Q: 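Before I ask anything, here is the structure I am working with.
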Amino acid sequence: MAQYDVIIIGGGPGGYNAAIRAGQLGLKAACVEKGVTLGGTCLNVGCMPSKALLHASEMYDAAANHFAELGIEVKPKLNLVQMMAQKATSVAQLTKGIEFLFKKNKVDWIKGAGRIAGPGKVEVTGADGKSETHEARNIVIATGSEPSPLAGVEVDQKRIVDSTGALSLPEVPKSLLVIGAGIIGLELGSVWRRLGAQVTVVEFLDRITPGMDAEVAKTFQRSLTKQGIVFKLSSKVTGAKASKTGVKLTVEPVAGGAAETLEADYVLLAIGRRPYTEGLGLDTVGITPDKRGFIETDHWKTSAPGVWAIGDVTLGPMLAHKAEDEAVACIETLAGKAGHVSYGLIPSVVYTSPEVAWVGKTEEELKAEGRAYKVGKFPFTANSRAKINHETEGFAKVLADAVTDEVLGAHLIGPSVSEMIGEVCVAMEFRAASEDIGRTCHPHPTRSEALKQAAMGVEGWTTQA
Ligand code: FAD
Ligand code: NAI
């Protein structure tokens, strides 16, 4: 008889939520995690520490540049050691919290690196080098992802850092070069810009944040530029040379032309992430990842019987909430229930200032599909709460089917939009029309009224702009 109903390899948002849901359903569950703490990329070196620094640096920037207009005169002094310490304390509390939840739900944490050793077998090697094999009726792979490398740019975590290094720089750089105008580059670039660094972002494409609605991306780029971030678009990095004091980066126009050398104290490489399956023993159960290294699944089942996969290691957006929803759905499915994830309704958020949040289709996607749609837009300059708070950058945009009025997407840039997008997710999950959002009473004065007014705008009955 198998020792466990399910062994989950990886203790990130995918793995820990799967383990906890398995425990709740009365399954005998274990989670194998090789890190010293649970929580994976998200809690240790991803979502949580980055949000801690985004929040702290936003407060610093507000105190330095925006308090005066509210009649509060202060001269903030940066204590980077304390800023990093409070980040570490919050992260430690969160990772300990997962340990507590494991105990509460009777999940075993098997410490060490897991390797599938054949059907139903997981060999775990601990930090002491000793291995033991555990048996399970089901194995869930939740091993996540790692930063993608770039030829010629060797990450040393001293001068050339990836996101992990950029979360713990020992000083505020005078200058920081970011490779990649994606979410990591812009979030962490914003952190160091607000703390005083000169930030230049080098991006291969002719736009920032691919995947974001183009109109929103343009407004976003304009706003970041106003904050002092310099963009070098349509540019490719061909090499980097680090010294003890800085880095020289060779950059060429994508269209061809003369190369130039950019110099900075530090370089952040943030050109995407790739699935992580090193040493996992996929071959022992006949799983071959796709060309980019992702494990292919059908309703979280891999090609090997009894082996499942969720989170960043599988196709789809590399987001913690996607991993979490897959975790619950996967465990419910393997327990004989009906697991479900609405893949078209996974929201995205960039936690900069202004924030950007969206769900559903962009205008570009709807055009490419040839779908007839209507647009409702409302600027935060016309939202009373944003106005009194002096946070009027951005707008809310709602896209709806031209015939049925079903909401097809929402694209928000502005204050606190990360907290607003969930409302659209619920509405879209229930296949709401724009009129449903427009006729739903929203509290006044809140920024969420901008979303309501944008929804009213789809049928042309916005009352406040
Ligand atoms: P991971 O969190 O990567 O966890 C995988 C775990 O598996 C790791 O702990 C690893 O040690 C362990 N592991 C791997 N192989 C083995 C093995 N063989 N044996 C044992 N253990 C193993 N997403 C958001 O939604 N919102 C955000 O704000 C956000 N911010 C981010 C900021 C940064 C800087 C980064 C890098 C990422 C951010 N993400 C964010 C993405 C998010 O972190 C990932 O999508 C999420 O962590 C994926 O969860 P996962 O469980 O699939 O994998
Ligand atoms: P990304 O995919 O968001 O952006 C990478 C950027 O680098 C793209 O704009 C791409 O065109 C560019 N690029 C690729 N190769 C390049 C090259 N050689 N030279 C210059 N530019 C190049 O990847 P990023 O920012 O590394 O983040 C990885 C993932 O982590 C995200 O896709 C997201 O899933 C997750 N994440 C989510 C966050 C959130 O939800 N707020 C925060 C941070 C990360």
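In each ligand, atom 1 is the first atom listed, and ligand 1 is the first ligand listed. None of these values were measured; they are calculated from a predicted model.
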Q: May I ask you to decide whether Glu260 forms a salt bridge with Lys232, counting only side-chain N to carboxylate O separations under 4.0 Å?
A: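 Answer for the salt bridge query: yes.
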
Q: Go through the steps to decide whether Lys28 and Asp5 satisfy the test salt bridge (charged side-chain N to carboxylate O under 4.0 Å, His left out), and finish with yes or no.
A: CA-CA 5 Å; Lys28 188 158 170 45; Asp5 292 312; over 6 Å; no

Q: Checking side-chain polar atoms at under 3.5 Å, does Thr314 have a donor or acceptor matched by the opposite partner on Lys322?
A: yes

Q: Quick one: table the atom pairs, ligand 2 N or O against protein N or O, below 3.5 Å, distance rounded to 0.1 Å.
A:
{"unit_1": "ligand 2", "atom_1": "3 (O)", "unit_2": "Ile183", "atom_2": "N", "d": "3.3"}
{"unit_1": "ligand 2", "atom_1": "9 (O)", "unit_2": "Glu203", "atom_2": "OE1", "d": "2.6"}
{"unit_1": "ligand 2", "atom_1": "9 (O)", "unit_2": "Glu203", "atom_2": "OE2", "d": "3.3"}
{"unit_1": "ligand 2", "atom_1": "11 (O)", "unit_2": "Glu203", "atom_2": "OE2", "d": "2.6"}
{"unit_1": "ligand 2", "atom_1": "21 (N)", "unit_2": "Phe204", "atom_2": "N", "d": "3.2"}
{"unit_1": "ligand 2", "atom_1": "23 (O)", "unit_2": "Gly272", "atom_2": "N", "d": "3.4"}
{"unit_1": "ligand 2", "atom_1": "25 (O)", "unit_2": "Ile183", "atom_2": "N", "d": "3.2"}
{"unit_1": "ligand 2", "atom_1": "25 (O)", "unit_2": "Ile184", "atom_2": "N", "d": "2.9"}
{"unit_1": "ligand 2", "atom_1": "26 (O)", "unit_2": "Gly272", "atom_2": "N", "d": "2.8"}
{"unit_1": "ligand 2", "atom_1": "34 (O)", "unit_2": "Met318", "atom_2": "O", "d": "2.6"}
{"unit_1": "ligand 2", "atom_1": "41 (N)", "unit_2": "Glu187", "atom_2": "OE2", "d": "2.9"}
{"unit_1": "ligand 2", "atom_1": "41 (N)", "unit_2": "Val349", "atom_2": "O", "d": "2.8"}

Q: Without hydrogens or angle criteria, can the side chains of Thr284 and Lys121 be said to hold a donor-acceptor pair below 3.5 Å?
A: no

Q: What closest approach, in Å, do Gly414 and Phe380 show between heavy atoms, and which atom pair accounts for it?
A: CA-CE1, 3.8 Å

Q: Put together the list of close N/O pairs, under 3.5 Å, between ligand 1 and the protein, could you?
A:
{"unit_1": "ligand 1", "atom_1": "2 (O)", "unit_2": "Thr41", "atom_2": "N", "d": "2.9"}
{"unit_1": "ligand 1", "atom_1": "3 (O)", "unit_2": "Thr41", "atom_2": "OG1", "d": "2.6"}
{"unit_1": "ligand 1", "atom_1": "9 (O)", "unit_2": "Glu33", "atom_2": "OE1", "d": "2.6"}
{"unit_1": "ligand 1", "atom_1": "9 (O)", "unit_2": "Glu33", "atom_2": "OE2", "d": "3.1"}
{"unit_1": "ligand 1", "atom_1": "11 (O)", "unit_2": "Glu33", "atom_2": "OE2", "d": "2.7"}
{"unit_1": "ligand 1", "atom_1": "18 (N)", "unit_2": "Gly114", "atom_2": "O", "d": "2.9"}
{"unit_1": "ligand 1", "atom_1": "19 (N)", "unit_2": "Gly114", "atom_2": "N", "d": "2.8"}
{"unit_1": "ligand 1", "atom_1": "21 (N)", "unit_2": "Lys34", "atom_2": "N", "d": "3.2"}
{"unit_1": "ligand 1", "atom_1": "23 (N)", "unit_2": "Ala320", "atom_2": "N", "d": "3.4"}
{"unit_1": "ligand 1", "atom_1": "25 (O)", "unit_2": "Ala320", "atom_2": "N", "d": "2.9"}
{"unit_1": "ligand 1", "atom_1": "25 (O)", "unit_2": "His321", "atom_2": "ND1", "d": "3.3"}
{"unit_1": "ligand 1", "atom_1": "28 (O)", "unit_2": "Lys51", "atom_2": "NZ", "d": "2.7"}
{"unit_1": "ligand 1", "atom_1": "30 (N)", "unit_2": "Cys47", "atom_2": "N", "d": "3.4"}
{"unit_1": "ligand 1", "atom_1": "30 (N)", "unit_2": "Lys51", "atom_2": "NZ", "d": "3.3"}
{"unit_1": "ligand 1", "atom_1": "45 (O)", "unit_2": "Asp312", "atom_2": "OD1", "d": "2.9"}
{"unit_1": "ligand 1", "atom_1": "45 (O)", "unit_2": "Asp312", "atom_2": "OD2", "d": "3.3"}
{"unit_1": "ligand 1", "atom_1": "45 (O)", "unit_2": "Met318", "atom_2": "O", "d": "3.2"}
{"unit_1": "ligand 1", "atom_1": "45 (O)", "unit_2": "Leu319", "atom_2": "N", "d": "3.2"}
{"unit_1": "ligand 1", "atom_1": "45 (O)", "unit_2": "Ala320", "atom_2": "N", "d": "3.3"}
{"unit_1": "ligand 1", "atom_1": "47 (O)", "unit_2": "Cys42", "atom_2": "N", "d": "3.3"}
{"unit_1": "ligand 1", "atom_1": "51 (O)", "unit_2": "Pro13", "atom_2": "N", "d": "3.4"}
{"unit_1": "ligand 1", "atom_1": "51 (O)", "unit_2": "Gly14", "atom_2": "N", "d": "2.8"}
{"unit_1": "ligand 1", "atom_1": "52 (O)", "unit_2": "Asp312", "atom_2": "N", "d": "2.9"}

Q: Give a yes-or-no answer on whether the side chains of Glu429 and Ser342 include a donor-acceptor pair shorter than 3.5 Å.
A: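 Note: Glu429 and Ser342 side chains meet the donor-acceptor criterion.
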
Q: Quiz question: by atom type and distance under 3.5 Å, do the side chains of Asp213 and Thr362 form a donor-acceptor pair?
A: no

Q: Report yes if some heavy atom in the side chain of Lys174 is under 4.5 Å from a heavy atom in the side chain of Gln198; otherwise report no.
A: no

Q: Go through Glu391 and Arg385 one step at a time and tell me if the salt bridge (charged side-chain N to carboxylate O under 4.0 Å, His left out) criterion holds.
A: CA-CA 8 Å; Glu391 301 169 328; Arg385 183 69 185 278; over 6 Å; no

